[in-house]
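Comments concern the structure below.
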Amino acid sequence: MRRRLLSSMLLVAVIAVLLLGVPLGVVVVRLINDEAAQELRAEATRVLISVEYAISQEQPVDPKQLERNYPNRFIQVAFRGIEPITVGVEPPVNRSLTEDARSENGVVRLSRDTAEIDRDIRARLLLTIALAVAALVVAIGLAVVTSRRLTLPLLDLAKIAERLGSGDARPSKHRYGIPELDRVAEVLDRSAIRISELLGREREFATDASHQLRTPLTGLTMRLEEIVAAASQPAIVREEGEAAIVQAERLTAVIDELLNAARRQRHAQAEPIDVDDVLVQQITEWDPAFRRSRRSIQLTGSRGLRALATTGGLSQVVATLLDNSLHHGGGIVSITTTSSEKSIVIEVSDQGDGVPEKIRTRIFERSVTGGSGTGLGLTLARSLVAADGGRLELVKPRPATFAIFLRKVGDDEIGYRVVSGPA
């Protein structure tokens, strides 16, 4: 492409120089010849006037004076009443330029050698050719610069496109000062941002899935272990089997929630739910793990509350908070529900050491953890609550107290208390 650009631009420059230079050369030659002829005609007229004046004053015409006044000229004077006068050397016929000046009394003829005129013409033509060559050199320079300015950005854009195809979705932010190429670069940058967002969502989905599926799988494993341990007790096997089925259904719901979050569809699925059903289900699910650690879960506060949320999303958030309390907290875990005119608050707290001071302000950031965890649970929990139009906040660092704020639906509230404890 660069070679074609250079060839095209040089061809245009050569044609332009020829179209301008050749007519200019012809005009220069004609102007010089016309100027020389006019000058010689003017000299002949002046000689005619001086001769007529001398005759009118009855003075002789001095040939030497004419030679001094008009050097390098061949002068012929023919007037009535005087002898013909010839001054100078006659030039060769093939290099002679002659002009006449006439009057009623006679004629004056001046001739000059055209060698000097030819030298002047050659000098002017050489100057014109030099200017044409200079114009071609400048055109070549401009062609090289322009071709580089056009081809290098195209090569750069090709590299950027190849990099995007290989998975490197960083925007280049290169601009070249050429509107058309800048528009292509902007489109590639926007494509890079979109590809980067898509790749980021895929990575986040994989990470979120691995983390969010761990909790229901752990609960399902515990139920299966209970079934194996109580193989000789059909009643316990039936009870634990039913609980395992619930865990499997919850695992399916978690998978649906992850897919919906990946598709950005959670806002459309938020609906009125019974908060008690979710909390009781989570207490039932986590009670065996807390009993093994000789700890308990306590549910207090207002009952019969309905909130605008998704069952799977709220279950996952409560499970995350209970899981954090199980691994990082201590003592009794309290789940307290309260309501105001427009919102419902679910507080989850324990009697442990609380959140370390160094991570209190960053507890909800991705990969921030106070122990050996992944640092993803609270981040995902907050995003799930936010997707339902609510908030998840750390309201007290010691003892650790997390509050879930949801939009309220309905006003029916009845107070009672549910307690689980060591077996």
Side-chain angles (χ1 to χ4, degrees), residues 212-227 230 236 238-254 257 273-307 309-339 344-352 377-378 381 384-385 388 390 392 395 399-406 412-423:
Q212 297 295 77
L213 293 177
R214 177 175 59 83
T215 300
L217 285 174
T218 301
L220 183 60
T221 301
M222 290 189 298
R223 295 297 181 185
L224 294 176
E225 290 175 352
E226 293 284 346
I227 292 174
I236 296 178
R238 173 181 290 275
E239 179 184 354
E240 295 298 329
E242 292 175 351
I245 292 174
V246 173
Q247 290 283 0
E249 292 176 349
R250 178 166 171 257
L251 181 60
T252 302
V254 169
E257 288 295 324
I273 63 171
D274 292 321
V275 175
D276 291 344
D277 292 345
V278 175
L279 297 181
V280 171
Q281 182 265 336
Q282 287 298 312
I283 291 174
T284 303
E285 189 173 306
W286 285 91
D287 182 62
F290 276 87
R291 282 191 285 111
R292 288 181 181 182
S293 300
R294 298 190 177 277
R295 296 174 60 190
S296 63
I297 306 173
Q298 177 178 287
L299 175 62
T300 61
S302 302
R303 305 272 61 83
L305 300 179
R306 290 171 61 79
T310 52
T311 301
L314 182 58
S315 298
Q316 192 65 29
V317 173
V318 175
T320 299
L321 297 178
L322 292 175
D323 186 43
N324 280 351
S325 180
L326 179 64
H327 289 90
H328 305 298
I332 298 174
V333 177
S334 297
I335 302 178
T336 305
T337 57
T338 58
S339 66
I344 291 174
V345 182
I346 305 171
E347 291 188 356
V348 180
S349 62
D350 58 42
Q351 299 172 345
L378 291 176
L384 289 172
V385 175
D388 288 336
L392 174 61
V395 295
T401 303
F402 291 89
I404 304 169
F405 299 88
L406 298 173
D412 186 18
E413 298 179 11
I414 304 175
Y416 77 100
R417 177 176 177 176
V418 177
V419 179
S420 73

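When reading the values below, keep in mind they use all heavy atoms of this one structure, side chains included, and skip hydrogens, waters and symmetry mates.
- Considering all non-hydrogen atoms of both residues, S302 and T338 come closest at OG-CA, 4.4 Å.
- A distance of 4.0 Å separates OG in S296 from CD1 in I332, rounded to the nearest 0.5 Å.
- Here the closest non-hydrogen pair linking S349 and T401 is CB-OG1, 3.3 Å.
- Side-chain contact between I335 and L322 is present, with at least one heavy-atom pair separated by less than 4.5 Å.
- Two residues are said to be in side-chain contact when any heavy atoms from C-beta on lie closer than 4.5 Å; L321 and I404 meet this criterion.
- Contact check for Q282 versus S315: side-chain heavy atoms found under the 4.5 Å cut-off.
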Between L314 and I346, is the side chain to side chain contact (heavy atoms under 4.5 Å, CB included) condition met? List the steps. CA-CA 10 Å; L314 182 58; I346 305 171; 4.3 Å; yes

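- The nearest pair of heavy atoms linking Q351 to G331 is OE1-CA, 3.7 Å.
- Atom CG in L279 sits 10.5 Å away from atom OG1 in T284 (nearest 0.5 Å).
- What you find for G390 and L406 is that their closest heavy atoms are CA-CD2, 4.5 Å.
- Contact record, L392 with A381: CD2-CB, 3.7 Å, taken as the closest heavy-atom pair.
- Residues forming a side chain to side chain donor-acceptor pair (under 3.5 Å) with D350 (at least two apart in sequence, or on another chain): S325.
- Every residue two or more places apart in sequence or in another chain that forms a salt bridge (Lys or Arg N to Asp or Glu O under 4.0 Å) with D274 is listed here: R306.
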Verdict with supporting geometry, V333 and W286, side chain to side chain contact (heavy atoms under 4.5 Å, CB included): CA-CA 11 Å; V333 177; W286 285 91; over 6 Å; no

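- Between F402 and L378, some side-chain heavy-atom pair lies under the 4.5 Å cut-off.
- Residues forming a side chain to side chain donor-acceptor pair (under 3.5 Å) with T337 (at least two apart in sequence, or on another chain): R303.
- For the atom pair I283 CD1 and I297 CD1, the distance stands at 6.0 Å (nearest 0.5 Å).
- Every residue meeting the side chain to side chain donor-acceptor pair (under 3.5 Å) condition with T336, not counting sequence neighbours, appears here in chain and number order: T300.
- Here CG of L326 is found 6.0 Å from CZ of R295. Values are rounded to the nearest 0.5 Å.
- Pairing each heavy atom of V385 with each of F405, the nearest pair is CG1-O, 4.2 Å.
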